[in-house]
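Please read the structure below before turning to the comments.
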Amino acid sequence: MKVDSRSLPMFAAGTVDVPWIIQGMDELVSRDTVWEAHAHPTHELLWNLRGASSATTGTRTWTITPTLGLWVPAGVPHSGRVPAGTWYRAAQFSTQAVSPLSAGPVAIEITPLLALLLDRLADRALGSASRSLTEQMVLDVLTPSPHELFVQQPRGDLLRPIAAALNANPADPRTLSAWAEHLGVSPRTITRAFRAETGLSFARWQAVVRAQQAVLLLAQGVGVEHTAERVGYRSASAFGVAFRRTTGRTPGQFRPA
């Protein structure tokens with residue numbers, strides 16, 4: 001399937017004055033779409049009405065779903081990937097009126113209340129007083145999520161083949177010992193490198209990669225058993241345990257309603 005590629009400018013934070021506090025848009029993409037690295041003059045909140053997508057900032061790739069959004073502060077370069085059939089939403093926040101939630105990108109819990117408030121702001125007929133009140137309520141309930149899901153990609157020469165293989169095929173069965181033999185180093189050397197570059201052991205990093213890929217499959221409607229197989233688990237039950245340990249949620253919570 002052809003992949004659409006889009007480019008946007010690189011803006012520094014606050015370099016464009018905007019006449020609003022929060023302004024949103026949405027799009028149902030019909031083909032796999034990637035956004036090249038760009039930066040907005042405004043803060044951005046990304047989430048989906050349907051499906052799962054990803055955004056990359058530096059060495060971190062974040063998963064975005066209908067319940068798990070991503071806040072990107074103004075001026076922070078990021079790229080994105082949205083599979084065909086995903087209905088994504090984006091809201092821009094004025095830097096003059098809204099302080100950044102954090103110094104860098106952070107996952108946001110898209111609660112039913114926050115979703116309803118953001119939907120209300122999409123109503124063109126909303127009066128100025130009601131809009132102002134709704135915007136204040138959005139800012140009041142906008143909080144980081146305890147269930148953020150991102151992969152810290154290792155960049156060193158030693159780990160690059162492992163990362164490339166598992167990102168391409170999360171079901172790759174090679175163990176730490178097998179990788180060590182393949183690369184001609186000791187398992188301890190790989191473990192030390194993973195902890196230094198990602199903060200995780202090889203096994204934990206592999207579990208996060210698998211969970212992130214699983215979310216993308218589940219959001220597309222792929223069944224739990226098939227998803228488990230495609231990301232490298234021998235049974236749906238083993239997958240469920242590992243998935244919940246990594247994400248804090250069950251696989252079923254990422255399936256389309």
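Of the possible donor and acceptor atoms, none in the side chain of Arg174 sits under 3.5 Å from a partner among the backbone N and O of Trp179. For Asn48 (side chain) and Ile64 (main-chain N/O), a donor-acceptor pair under 3.5 Å exists by modelled atom type. Thr246 places a side-chain N or O within 3.5 Å of a backbone atom of Ala242 that can act as its donor or acceptor partner. Without hydrogens or angle criteria, Glu197 side chain to Arg155 main chain gives a donor-acceptor distance under 3.5 Å. With hydrogens and angles ignored, the 3.5 Å screen pairs a side-chain donor or acceptor of Thr33 with a backbone N or O of Arg31. Using modelled atom types, no side-chain atom of Ser130 and backbone atom of Leu126 make a donor-acceptor pair closer than 3.5 Å.
Pro66 is not listed as a side-chain neighbour of Leu49, based on a closest heavy-atom distance of 4.5 Å or more. Considering only heavy atoms from C-beta on, Val82 stays 4.5 Å or farther from Asp32 through its side chain. Counting heavy atoms from C-beta on, the side chains of Ile162 and Leu183 come closer than 4.5 Å.
Here Tyr88 pairs with Glu27 under the side-chain hydrogen bond (donor to acceptor under 3.5 Å, both in side chains) rule; sequence neighbours left out. Every side chain to side chain contact (heavy atoms under 4.5 Å, CB included) that Thr175 has, sequence neighbours left out, goes to Ser177, Ala178. The side chain to side chain contact (heavy atoms under 4.5 Å, CB included) test applied to Ala52 returns Thr65, Val215, Leu216, Ala219, not counting sequence neighbours. For Thr59, the side-chain hydrogen bond (donor to acceptor under 3.5 Å, both in side chains) partners at least two apart in sequence or on another chain are Gln152. Looking at residues two or more places apart in sequence or on another chain, you find no side-chain hydrogen bond (donor to acceptor under 3.5 Å, both in side chains) involving Thr86. With sequence neighbours left out, Ser128 forms a side chain to side chain contact (heavy atoms under 4.5 Å, CB included) with no residue at all. Annotation: side-chain hydrogen bond (donor to acceptor under 3.5 Å, both in side chains) contacts of Thr111 (sequence neighbours excluded): none.
Within the model, atoms OG1 of Thr61 and CZ of Phe150 stand 10.5 Å from one another, a figure rounded to the nearest 0.5 Å. Atom CG in Leu45 sits 6.0 Å away from atom CG in Leu142 (nearest 0.5 Å).
Between the side chains of Asn167 and Gln153, at least one donor-acceptor pair of N or O atoms lies under 3.5 Å. If you check the side chains of Trp62 and Ser54, you find no donor sitting under 3.5 Å from an acceptor.
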Could you list the donor-acceptor pairs under 3.5 angstrom formed by side chains in residues 249-257, with sequence neighbours left out?
residue	atom	partner	partner atom	Å
Arg249	NH1	Thr67	OG1	2.8
Arg249	NH2	Glu109	OE1	3.4
Arg249	NH2	Glu109	OE2	2.4
Thr250	OG1	Gln253	OE1	3.4
Gln253	OE1	Thr250	N	2.8
Arg255	NH1	Gly221	O	2.7
Arg255	NH1	Val222	O	2.8

Show me the side-chain donor-acceptor pairs of residues 71-79 shorter than 3.5 Å, one per line, residues at least two apart or across chains.
residue	atom	partner	partner atom	Å
His78	ND1	His38	O	3.4
His78	ND1	Val76	O	2.9
His78	NE2	His38	NE2	3.2
His78	NE2	Glu44	OE1	3.1

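Contacts classified as salt bridge (Lys or Arg N to Asp or Glu O under 4.0 Å) and involving residues 117-141 (residues at least two apart or in different chains) are given here: Arg89-Asp119. Within the structure, the ring-ring contact (aromatic ring centres under 6.0 Å, His included) test picks out no pair touching residues 7-29 (sequence neighbours left out). Sorted by first then second residue, the ring-ring contact (aromatic ring centres under 6.0 Å, His included) pairs that include residues 116-140, not counting sequence neighbours, number zero.
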Trace of the side chain to side chain contact (heavy atoms under 4.5 Å, CB included) decision for Val224 with Leu218: CA-CA 7 Å; Val224 173; Leu218 293 165; 4.2 Å; yes

Worked verdict on Ile108 versus Leu101 for side chain to side chain contact (heavy atoms under 4.5 Å, CB included): CA-CA 10 Å; Ile108 297 296; Leu101 294 179; 3.5 Å; yes

CA sep, side-chain torsions, deciding dist, call: Trp47, Asp26, side chain to side chain contact (heavy atoms under 4.5 Å, CB included): CA-CA 10 Å; Trp47 76 105; Asp26 66 278; over 6 Å; no

Residue pair Trp205, Leu166: steps toward the side chain to side chain contact (heavy atoms under 4.5 Å, CB included) verdict: CA-CA 10 Å; Trp205 186 85; Leu166 286 169; 3.7 Å; yes

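Geometrically, Arg50 does not engage Trp87 in a cation-pi contact defined by less than 6.0 Å to the ring centre and at most 45° from the axis.
The environment of CZ in Arg204 is crowded: more than 12 heavy-atom neighbours from other residues, nucleotides or ligands sit within 6.0 Å.
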